[in-house]
Amino acid sequence: MCSHGKKMVAPVVIAVLFVIYYAGLAVVLALISGIPGLVKGLLIFVPLALAGVMIGVTVSRIKEIRSGEEDDLSQY
C-alpha cells in the first residue's frame, strides 16, 4: 500500500462511521409515530443532508491527499 493509501484510511473509516450513524438516525426518526409529517420530514432530511456533506468532505480530503497536500495548515 502506498503512502497515500495509508493516509486515506482514517478519513474513509471515520466518514463511513458517520454516514452509518446519520442514516441510522434518519431511519429511527422515520419510525417514530406521532410526529407531524412536516416535522418528521425535517428530522429525516437533516441527518441525511449531514451524511451527504460528510461524503463530500471525504471526497475533497481524498483529492487533497492524492495531490500531495496532506498538511492544510502549512498554507496559513
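Numbers here simply count residues along the sequence, with the first being 1. Since the model is a prediction, treat every value here as computed from it, not as a measurement. Heavy atoms only: backbone and side chains are in, while hydrogens, waters and symmetry mates are out.
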Check whether Tyr21 and Ile14 end up in the same hydrophobic cluster, where Ile, Leu, Val, Met, Phe, Trp and Tyr are linked by side-chain heavy atoms less than 4.5 Å apart.
yes
What are the two closest non-hydrogen atoms of Ala51 and Val19, and how far apart are they?
O-CG2, 3.9 Å
Here the gap from Tyr22 atom OH to Ile55 atom CD1, rounded to the nearest 0.5 Å, amounts to 12.0 Å
Compare every heavy atom of Pro11 with every heavy atom of Ile65, then report the nearest pair and how far apart it is.
CD1-CG, 4.3 Å
Output side-chain donor-acceptor pairs under 3.5 Å for residues 35-47, partner residues at least two apart or in another chain, one line each.
{"from": "Lys40", "atom 1": "NZ", "to": "Ala30", "atom 2": "O", "distance (Å)": "3.3"}
{"from": "Lys40", "atom 1": "NZ", "to": "Ile32", "atom 2": "O", "distance (Å)": "2.7"}

Any donor and acceptor pair, going by atom type alone, linking the side chain of Thr58 with main-chain N or O of Met54 inside 3.5 Å?
yes
